[in-house]
Amino acid sequence: MAHKAGFVNIIGNPNVGKSTLMNAFVGEKLSIITSKAQTTRHRILGIVNGDDFQVILSDTPGIIKPAYELQTSMMDFVKSAFEDADVLLYMVEIGEKALKDEAFFKKIQNSKIPVLLLLNKIDTSDQETLEAQMQHWQDLLPKAEIHPISALENFNVKEVFNRILELLPEAPPYYPKDQLTDKPERFFVNETIREKILLHYKKEIPYSVEVETEEFMEDDDIIRIRSVIMVERDTQKGIIIGHKGSALKRVGVEARKDLEKFFDKQVHIELYVKVNKNWRSNSQQLRRFGYNG
Ligand SMILES: Nc1nc2c(ncn2[C@@H]2O[C@H](COP(=O)(O)OP(=O)(O)OP(=O)(O)O)[C@@H](O)[C@H]2O)c(=O)[nH]1
Ligand SMILES: [Mg+2]
């Protein structure tokens, strides 16, 4: 059989379950997941390899109207995902009516490549609502193929994957067959720490944080990590650290547990907090953190 390969890019509003789906396809926790919007900030590749196929999935940030430069860079990742897709997975969740950004929605309506509309979180719905929603989307996007799924409960995920394989062009692999992602180890350390911050801090704090791993030293039996948590203002530093360091300690303990699973090795983490004034609006800083800002 001929070899198939291509780019399958997942786009949609914030919080609809894009990262959950990518992880379900890949079978690894490549992308962090939280109940907060704007959890994902980068375009992250997840590669699924078989003897005669290579499916290169892209998880992307949820589509928003940018208010500061970091968000503009996030939307640039989404734009790039429109440009190189062989198949677009446009994800919506039950109850949602349309993409908040009209320009992006028009792009999907006018797409020349196949669009699979994935109606996610159907585990939270009843049959009647589901049917009404499917009709709603079919009217808006007559050319799209609609697939109801639950990324969380792995319902219909395999079927969607098989459909993707049918749609992919014949092509040789783009990446080595043992490669799972395009991101380096330090990226997953940064993201795991950021996930704990999204989970445990309120309001603007998680959105003001960036994590940078300064040291990643792997020995035979342990990985030693030193990471810096960057905040925008002095007051945020105290909040991250918490009373006698308790809040920061919790972030370290929980991140370490996840990373030990991810790397399948003992992990030691040291965390620091630094103020990096207004990094979200500073192109030079954004570039340094991999946002091409
Ligand atoms: N009930 C239910 N919840 C889901 C499903 N898929 C994802 N979720 C939940 O929805 C929330 C958001 O999931 P994510 O995968 O982070 O969503 P996302 O689209 O990547 O979000 P952003 O990165 O912020 O754009 C999390 O709390 C998930 O557990 C699903 O099929 N059913
Ligand atoms: Mg995400």
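Atom set for the values below is all heavy atoms of this structure, side chains included, hydrogens, waters and symmetry mates excluded. From a predicted model like this one, the values you see are computed outputs, not experimental measurements. Atoms within each ligand, like the ligands themselves, are counted from 1 in listed order.
- S31 and T40 share no donor-acceptor pair across their side chains, judged by distance under 3.5 Å alone.
- Between H42 and F77, a ring centre-to-centre spacing shorter than 6.0 Å is recorded.
- Contact annotation for K36 and ligand 1: only backbone heavy atoms (N, CA, C, O) come within less than 4.0 Å of the ligand.
- Look at K257 and E254 and you find no salt bridge, because none of the NZ, NE, NH1 or NH2 atoms lies under 4.0 Å from a carboxylate O.
- Considering backbone and side-chain N/O atoms, Q38 comes within less than 3.5 Å of an N/O atom of ligand 1.
- Heavy atoms of A37 found under 4.0 angstrom from ligand 1 belong exclusively to the backbone.
- Shown are E210, E214, E232; of these, the salt bridge (Lys or Arg N to Asp or Glu O under 4.0 Å) with K274 is made only by E214.
- Nearest non-hydrogen protein atom to atom 22 (P) of ligand 1 is N15 N, 3.5 Å.
- The residues R256 and E260 are annotated as salt-bridged, a charged nitrogen and a carboxylate oxygen being separated by less than 4.0 angstrom.
- Salt bridge status for K237 with D234: absent, with no side-chain N to carboxylate O gap under 4.0 Å.
- Among the backbone and side-chain atoms of S31, none of the N, O or S atoms lies under 2.8 Å from the Mg ion (ligand 2).
- Checking R43 against S58 by side-chain atom types alone, a donor-acceptor pair falls below 3.5 Å.
- Expressed to the nearest 10°, the angle at the Mg ion (ligand 2) joining OG in S19 with OG1 in T40 is 90°.
- Considering backbone and side-chain N/O of E153, none are found under 3.5 Å from N/O of ligand 1.
- A salt bridge links E204 with R233; the closest basic N to acidic carboxylate O contact falls under 4.0 Å.
- The pair E170-K4 does not meet the salt-bridge criterion, since no charged nitrogen lies less than 4.0 angstrom from a carboxylate oxygen.
- Ranking protein heavy atoms by distance to atom 15 (O) of ligand 1, first place goes to T20 OG1, 2.6 Å.
- Close approach of ligand 1 to K18 is summarised as follows: ligand atoms under 4.0 Å from at least one heavy atom of the residue are 15 (O), 17 (O), 18 (P), 19 (O), 20 (O), 21 (O), 22 (P), 25 (O).
- Looking at atom 8 (N) of ligand 1, its nearest protein heavy atom turns out to be K121 CE, 3.7 Å.
- For atom 26 (C) of ligand 1, the nearest non-hydrogen atom of the protein is T34 O, 3.5 Å.
- Heavy-atom proximity to atom 24 (O) of ligand 1, evaluated over L119, T39, I64, I149, is greatest for T39.
- In terms of protein heavy-atom proximity, atom 5 (C) of ligand 1 is closest to L152 CB, 3.5 Å.
- The Mg ion (ligand 2) has no N, O or S atom of T20 inside 2.8 Å of it.
- Residue, atom and distance of the protein heavy atom nearest to atom 6 (N) of ligand 1 are N120 ND2, 3.2 Å.
- Atoms of ligand 1 lying under 4.0 Å from any heavy atom of T124, numbered from 1 in the order shown and given with element: 1 (N).
- Contacts with ligand 1 closer than 4.0 Å are made by side-chain heavy atoms of D123 only, the backbone lying farther away.
- The pair K65-E102 fails the salt-bridge criterion, with no side-chain N (NZ, NE, NH1 or NH2) lying under 4.0 Å from an Asp/Glu carboxylate O.
- Checked by distance only, ligand 1 and I33 stay at 3.5 Å or farther apart across all their nitrogen or oxygen atoms.
- For K265 and D221, the salt-bridge test fails: no basic side-chain N is under 4.0 Å from an acidic carboxylate O.
- Ion pairing of D84 with K79 is absent here, as no side-chain N (NZ or NE/NH1/NH2) approaches a carboxylate O to less than 4.0 Å.
- The nearest heavy-atom contact from the protein to atom 17 (O) of ligand 1 is G17 N, 3.1 Å.
- Scanning P14, S35, S150 for the heavy atom closest to atom 27 (O) of ligand 1 points to S35.
- With ligand atoms numbered from 1 in the order given, ligand 1 contributes 25 (O) to contacts under 4.0 Å with heavy atoms of G62.
- Salt-bridge formation is detected for the pair R288/E212: a Lys NZ or Arg NE/NH1/NH2 atom is positioned less than 4.0 Å from an Asp or Glu carboxylate oxygen.
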